[in-house]
Amino acid sequence: MNTLTKQVLALLLTSACLIIGPATAHAGQDDLLSARTTKPFDETLSMAGEALEKHGFTVAHVQKCDGGLHAMGYETGHYRVIFFGRLEEVRELSKTHPQLIPLFPFKLAVYADNNDTVISVINPAGLGNMLQADPVLKEKLRQWKQEFKDVLNEIMIQQIAEL
Amino acid sequence: MKTWKILLAALLLMPAYGNTNSELGSKNEPQMLTTIHDSPYDFDKTVLTLREAIESHNFRTFPDRFLEQGLTDEFSVNQRQLSIRFCNFNQLDKALKLEPRLGVLLPCAITVIEHENGEVQLFAANISAMAALFDNAPLTELIGDLQDSYDDIIEEVTF
């Protein structure tokens, strides 16, 4: 791919994300972290799993929501949920902060939206009040938020690097 | 060549997350995200009763999963921490059409935990509070019905 083509593609991609980004992160923008790629669904799903593991998370399993819906007669595009976490955090925090248990393992939604693939994950730092977080938990929530952002960044940067 | 990629990455990543000014402290009187309930039964009977209550409310149950399952080997998993996962596909279909990002909270689940002292508790998400994260009125209404089912199920198990 020559330089001019790359630049044109980059411009188009940037324009698309500048338009779409705020739309997918409207009123609840503080509570969810989302990224949109032009990569095919399967490739993005694979990249998401790799990015999570690169950042020290374990992928517990992947739920095929689309498969379940199709089997029940509903039409839907590709939709998977990646369950992930760290064993030591689940073990420790489910004892010290049991209010986190329903959040474990964390969920990363990966779904097709027209020709794009969207990845969304909850922003843990936005849940502090709802979890009655003490300072220790607030810090952990902030840490997870940064790590989740890093995972999304990783996927986006990988997309750009492949242009 | 690398410079334009870095600039492009910065541009791309800016809109994806929004600002975070309202985190940790600005929401008025937030609902609690989790509800915790003591079970009158032992672990096995709690799980059995819970599964029956879920199915009686027209939900389909998925295969049970231990809380730590997939995060460690099968021999190290704490088998007294079990999540009963369930779904009403009709509601799920409607909910995903209203808010495709809802997958970050899926599926419905209630976790049964036996503590070291033998006490058994049920842990459930307050899904009404979770739905509020999306600021989507039709979704909030739909989830309200689901919350009623959650409440009924837990009451049936813990009454």
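Since this is a predicted model, take the numbers as computed values, not measurements. Protein chains get the first letters and strands the later ones, always in sequence-line order, with residue 1 at the start of each.
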Are there more than 12 heavy atoms of other residues, nucleotides or ligands under 6.0 Å from atom [atom1] of [X]?
X	atom1	answer
B:D38	CG	yes
B:E141	CD	no
A:E88	CD	yes
A:E92	CD	no
B:K97	NZ	yes

Would a single hydrophobic cluster contain both [Y] and [X], if residues Ile, Leu, Val, Met, Phe, Trp and Tyr are joined by side-chain heavy-atom contacts under 4.5 Å?
X	Y	value
B:Y41	B:F123	no
B:F43	B:F66	yes
B:I54	A:M72	yes
B:L48	B:L50	no

State, with a plain yes or no, whether a side-chain heavy atom of [X] is found less than 4.5 Å away from one of [Y].
X	Y	result
A:Q63	B:F62	yes
A:L32	B:L133	no
B:M32	A:Q132	yes

Closest approach of A:R91 and B:S76, non-hydrogen atoms and distance? NH2-O, 2.7 Å
One option among B:A109, B:P107, B:A132 has the most heavy-atom pairs under 4.5 Å with chain A, and it is B:P107
If you tally heavy-atom pairs under 4.5 Å against chain A, which of B:N78, B:I110, B:L106 wins? B:L106
Would B:E68 and A:L87 satisfy side-chain contact (heavy atoms from CB on, under 4.5 Å), going step by step from the backbone distance to the final call? CA-CA 7 Å; B:E68 300 172 355; A:L87 177 66; 3.9 Å; yes
Under a 4.5 Å heavy-atom cut-off, does chain A meet the side chain of B:N126, its backbone, both or neither? neither
Where on B:Q81 is there a heavy atom nearer than 4.5 Å to chain A: the side chain, the backbone, both, or neither? side chain
Where does [X] contact chain B at under 4.5 Å (heavy atoms): side chain, backbone, both or neither?
X	value
A:E75	backbone
A:L108	neither
A:L103	side chain
A:F83	side chain
A:V110	neither

Do A:Y79 side-chain atoms and B:L96 backbone N/O form a donor-acceptor pair below 3.5 Å? no
Starting at [atom1] of [X], measure out to [atom2] of [Y] and round the result to the nearest 0.5 Å.
X	Y	atom1	atom2	answer
B:L71	A:T58	CG	OG1	6.0 Å
A:S120	B:L102	OG	CG	10.5 Å
A:Q99	B:T35	CD	OG1	12.5 Å
B:H115	A:S94	NE2	OG	9.5 Å
A:D31	B:R101	CG	CZ	9.0 Å
A:H61	B:R65	NE2	CZ	4.0 Å

What residue among B:L122, B:I113, B:I36, B:T34 forms side chain to side chain contact (heavy atoms under 4.5 Å, CB included) with A:I101? B:I113
